[in-house]
Amino acid sequence: MSKIIITNMNKITPEHNNEHPQYEKYKYEVTDSQYKYEVASPNEGNQTVVAFYSLPPGKSSFPFHYHSTNEEVFYIISGKGILEAFDAKHPITAGDVIVCPAGKNGAHKFINTSDTENLVYLDVDTNNTPDIVYYPHSNKLGVRSSGGIRDNYRLDSKVDYYDNEL
């Protein structure tokens, strides 16, 4: 980041994503998260990535996941929902702060449980690269790294270290 940013949700045009029936979100980027993995080296990008999210009733923003390297902090601005974690499903509401450490103990998914109100929250992430993202429900992992690497793989297709080597 090269300068101080002062803004609020009302000044940002959201990106709308609803490619899957269970997942829908409006993302209001404060810092450019697309740039997060497009840099040639980790030192070129932002050290943190910040965005507001608004989830319509009954929707989630992302599948259940956790990061190997990055931590995430969420502040619930309005609405109510459920935080799915490995240990339980926790109710969340306006004013709550959720801190998700890197690793399995930080696994999370937000679900808006309201019938009428959006769940709105601020998301602040560290920006360490490379980062491996695990998706326990679907047995996938995502590789995120500088140079634009954003690939996903199924864990059930693991191969031996020397597989196909000459």
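When a residue number appears, it is its place in the shown sequence, counting from 1.
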Determine yes or no for a side-chain-to-main-chain donor-acceptor pair under 3.5 angstrom, with [X] supplying the side chain and [Y] the backbone.
| X | Y | answer |
| --- | --- | --- |
| T126 | E71 | yes |
| N118 | V120 | no |
| H20 | Q22 | yes |
| S114 | G79 | no |
| T116 | P57 | no |

Quick one: [atom1] on [X] to [atom2] on [Y], what's the gap to the nearest 0.5 Å?
| X | Y | atom1 | atom2 | value |
| --- | --- | --- | --- | --- |
| E165 | D163 | CD | CG | 8.0 Å |
| I92 | F110 | CD1 | CZ | 5.0 Å |
| N17 | K25 | CG | NZ | 4.0 Å |
| D131 | T129 | CG | OG1 | 7.5 Å |
| T13 | K27 | OG1 | NZ | 14.5 Å |
| L55 | E117 | CG | CD | 11.5 Å |

Q.
Centroid separation under 6.0 Å, is that true for the rings of Y53 and Y26?
A. no
Q.
Can you confirm if the aromatic rings of H108 and F74 lie within a centre distance of less than 6.0 Å?
A. yes
Over all atoms of both residues, closest heavy-atom pair of [X] and [Y]:
| X | Y | answer |
| --- | --- | --- |
| L155 | K158 | O-CG, 3.0 Å |
| P130 | S145 | CB-OG, 3.8 Å |
| I82 | K89 | CG2-CB, 3.6 Å |
| E84 | I111 | OE1-CD1, 4.4 Å |
| C100 | G106 | CB-O, 3.5 Å |

Measuring only between side-chain heavy atoms, which start at C-beta, is [X] closer than 4.5 Å to [Y]?
| X | Y | answer |
| --- | --- | --- |
| D123 | E72 | yes |
| T31 | I5 | yes |
| F52 | I77 | yes |
| K109 | Y23 | yes |
| I76 | L119 | yes |
| L141 | V133 | no |

Q.
Other residues, nucleotides and ligands only: do more than 12 of their heavy atoms fall within 6.0 Å of NZ on K80?
A.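 It does not: K80 NZ has 12 such atoms or fewer within range.
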Q: Identify which one of N127, N152, N70 satisfies the side chain to side chain donor-acceptor pair (under 3.5 Å) criterion when paired with R144.
A: N152
Q: Would you tell me whether S61 and Y121 have side-chain atoms, one donor and one acceptor, within less than 3.5 Å of each other?
A: yes
(Q) Is it the case that the side chains of E24 and H16 hold a donor-acceptor pair, with the cut-off being a distance below 3.5 Å and no angle test? (A)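 Judged by distance alone, the side chains do pair up.
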**Q.** Step-by-step side-chain contact (heavy atoms from CB on, under 4.5 Å) determination, T48 to D125
**A.** CA-CA 5 Å; T48 56; D125 306 341; over 6 Å; no
Q. Side-chain heavy atoms under 4.5 angstrom apart, residues restricted to Ile, Leu, Val, Met, Phe, Trp, Tyr: same cluster for V99 and V124?
A. yes
Q.
Can you tell me how the ring of Y134 sits relative to the ring of Y66, calling it parallel under 30°, perpendicular over 60° and tilted otherwise?
A. parallel
Q: Return the orientation label for the F86 and F64 ring planes: parallel under 30°, perpendicular over 60°, tilted otherwise.
A: perpendicular
